[in-house]
Amino acid sequence: TGLITEKLYNSKKSGEQKNIDYVLNNCNEDIIILGSSRAMHHYNPEIIGNYCNMSCYNGGMGGQSLLFFRAQEICFLKRYKPKVLVIDLIPYSIKNTKGENNPYDKLNCLYPYYDKVPQINFLIDFKGKSERYKLKFETYRYNSFFYDIIKNNILKPKDNKGFYKISKIMPENLKNEIKNNSIKYNKEKSKEYFYKYLDTNMTKALADIIEDCNKNNILLIISYSPICSYSDSPDFDFEHLIDYINDLKKKYNNINVFNYINDERFLSHYELFWDNVHLNAIGSTIFSEIFAKDLKNLLVKSSINPPT
């Protein structure tokens, strides 16, 4: 059964696992974008690549943290060096709240690569000592997404370069809920929460990525893509995340920051969002155009393949 499942996995034609496999084993684009669902839904590689006259791929994946981004980066650096690495960062990317959305649990998408890409074994081992023994069984590697494997062998592939647009507008009830909650924000409580759950494995993963980019002359951009409205949710405490990254910039001089959190072109523009933190198709098009212009300006300034 395990061998059959592995064969089906390797023959998949579409889906998120196909995108994971592409970044780990095949990507060769000039610009690589990493992040969670906000990266996956916000950055249109076609718009960005065309404007900058460079190839571009979106490696964003829903619910993932810096541990996953680090695995992606380790794998593509084995093969080649992109010219630009963009990481769309959110507080969840660097914290472990150990609850329902525990980022360590999300690493099961890397199970098929355990031992086959030994350089990332240590990241999967963070889930627990028993994982390495369970992963000796091929069926265990694929159990959690067996249905997706079947589905992705049937669906026709889409050349979306890893980008998934949200073709919906924000429902009225959600719009009203966001309006009512947007003013609640306890700065000190949020700061305490942020540093309480800051994860040392994830901060180490970020530092390693920064150092790799510096060593390999890769232009690194930490990007905070737009939100619709401020929230009292500690999982979206961008203020203290931004402070943390600004402190890192004092240590590392190769971090470029694109901050769109306070961008008036998006704040309270409900027509551009699906929910409070995810742009819809209209919003992602507008944002990708803005981001592409900012990136092109930085490329010219950095003399990295200046676009014509």
Side-chain angles (χ1 to χ4, degrees), residues 1-12 15-27 34-37 39-40 59-79 87 89-153 193-212 234-235:
T1 304
L3 292 175
I4 295 172
T5 308
E6 181 182 12
K7 187 174 181 179
L8 285 170
Y9 181 85
N10 291 332
S11 65
K12 59 195 175 297
E16 290 187 358
Q17 286 293 330
K18 181 71 174 179
N19 294 337
I20 292 173
D21 193 69
Y22 180 77
V23 174
L24 266 55
N25 294 317
N26 301 110
C27 71
L34 304 181
S36 61
S37 58
M40 184 168 62
M61 194 60 53
Q64 293 296 348
S65 70
L66 275 156
L67 300 178
F68 180 75
F69 312 158
R70 174 66 171 144
Q72 291 175 299
E73 183 247 7
I74 287 172
C75 288
F76 65 64
L77 278 186
K78 285 194 325 175
R79 302 188 318 276
I87 301 179
L89 211 55
I90 63 173
Y92 174 87
S93 305
I94 202 167
K95 297 192 304 183
N96 180 14
T97 55
K98 302 178 182 178
E100 182 180 343
N101 293 316
N102 187 334
Y104 284 85
D105 291 338
K106 304 287 185 181
L107 293 174
N108 62 357
C109 65
L110 294 174
Y111 282 176
Y113 307 95
Y114 195 84
D115 281 343
K116 296 169 184 176
V117 187
Q119 293 89 343
I120 65 173
N121 280 4
F122 78 100
L123 293 164
I124 302 170
D125 287 341
F126 285 146
K127 279 204 67 178
K129 294 180 180 179
S130 63
E131 290 304 300
R132 68 182 67 181
Y133 303 109
K134 296 177 185 176
L135 287 166
K136 299 296 181 184
F137 299 94
E138 289 292 328
T139 50
Y140 183 74
R141 294 172 181 255
Y142 305 101
N143 274 347
S144 60
F145 40 85
F146 181 76
Y147 169 76
D148 290 332
I149 293 173
I150 300 298
K151 181 181 68 175
N152 294 333
N153 270 273
Y193 183 93
F194 180 85
Y195 284 98
K196 177 181 179 181
Y197 291 107
L198 196 64
D199 187 279
T200 53
N201 291 328
M202 297 181 197
T203 56
K204 175 67 164 54
L206 177 59
D208 288 341
I209 291 172
I210 294 169
E211 290 172 2
D212 280 348
D235 289 333

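Please read all numbers here as calculations on a predicted model, not as lab measurements.
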Colleague: State, with a plain yes or no, whether a side-chain heavy atom of F68 is found less than 4.5 Å away from one of K106.
Modeller: no

Colleague: Using salt bridge (Lys or Arg N to Asp or Glu O under 4.0 Å) as the criterion, list what pairs up with R132, not counting sequence neighbours.
Modeller: D125

Colleague: Is Q72 reaching over with its side chain to a backbone N or O of L34, donor-acceptor style, under 3.5 angstrom?
Modeller: no

Colleague: Name all pairs fulfilling the salt bridge (charged side-chain N to carboxylate O under 4.0 Å, His left out) condition that reach into residues 196-205, sequence neighbours left out, sorted by first residue then second.
Modeller: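 Listed by first then second residue: K204-D208.
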
Colleague: How long is the straight-line distance from CG of N121 back to CG of L110, given to the nearest 0.5 Å?
Modeller: 10.0 Å

Colleague: State which residues pass ring pair (Phe, Tyr, Trp, His ring centres under 6.0 Å) with Y22; sequence neighbours excluded, sorted by chain then number.
Modeller: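 Scan of Y22 (ring pair (Phe, Tyr, Trp, His ring centres under 6.0 Å), adjacent residues dropped) gives Y57.
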
Colleague: List for me each residue that meets side chain to side chain contact (heavy atoms under 4.5 Å, CB included) alongside M40, sequence neighbours excluded, and say none if there are none.
Modeller: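 Result, side chain to side chain contact (heavy atoms under 4.5 Å, CB included) vs M40: E16, S37, Y164.
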
Colleague: Flag the pair Y113 / I124 as yes when at least one side-chain heavy-atom distance between them is below 4.5 Å, and no otherwise.
Modeller: no

Colleague: For the atom pair CZ (F126) and CE (M202), what is the distance rounded to the nearest 0.5 Å?
Modeller: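 Nearest 0.5 Å value for the CZ-CE distance: 9.5 Å.
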
Colleague: Minimum heavy-atom separation for A39 to G60, with atom names?
Modeller: CB-CA, 4.1 Å

Colleague: How far does CG of L135 sit from NZ of K127, to the nearest 0.5 angstrom?
Modeller: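 These two atoms lie 8.5 Å from each other.
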
Colleague: Walk me through whether E131 and Y104 qualify under side-chain contact (heavy atoms from CB on, under 4.5 Å).
Modeller: CA-CA 12 Å; E131 290 304 300; Y104 284 85; over 6 Å; no

Colleague: How far apart are the closest heavy atoms of A205 and L66, and which atoms are they?
Modeller: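 In terms of heavy atoms, the two residues are closest at CB-O, 3.7 Å.
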
Colleague: Could you walk me through whether N25 and K116 pass side-chain contact (heavy atoms from CB on, under 4.5 Å), step by step?
Modeller: CA-CA 11 Å; N25 294 317; K116 296 169 184 176; over 6 Å; no

Colleague: With no hydrogens and no angle check, is any side-chain donor or acceptor of R79 less than 3.5 Å from a backbone partner on C27?
Modeller: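 Here the side-chain-to-backbone pair exists.
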
Colleague: Output the distance between atom NZ (K95) and atom OH (Y195), rounded to the nearest 0.5 Å.
Modeller: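 Result: 11.0 Å between the selected atoms.
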
Colleague: Run the salt bridge (Lys or Arg N to Asp or Glu O under 4.0 Å) test against K78 and tell me which residues pass, sequence neighbours left out.
Modeller: none

Colleague: Rounded to the nearest 0.5 Å, what's the gap from CD1 on I94 to CG on N96? Could you check?
Modeller: 12.0 Å

Colleague: Using the side chain to side chain donor-acceptor pair (under 3.5 Å) criterion, which residues pair with Q119? Sequence neighbours excluded.
Modeller: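 Listed in chain order: nothing, the list is empty.
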
Colleague: Quick one: CD on E73 to CD1 on I120, what's the gap to the nearest 0.5 Å?
Modeller: 12.0 Å

Colleague: Ignoring hydrogens, what is the shortest heavy-atom contact between F194 and P91? Give both atom names and the distance.
Modeller: CE1-CB, 4.5 Å

Colleague: Relative to each other, are the rings of Y197 and Y193 parallel, tilted or perpendicular (30° and 60° limits)?
Modeller: tilted

Colleague: Looking only at heavy atoms, which two atoms of S36 and G63 are closest? And how far apart?
Modeller: CB-N, 4.1 Å

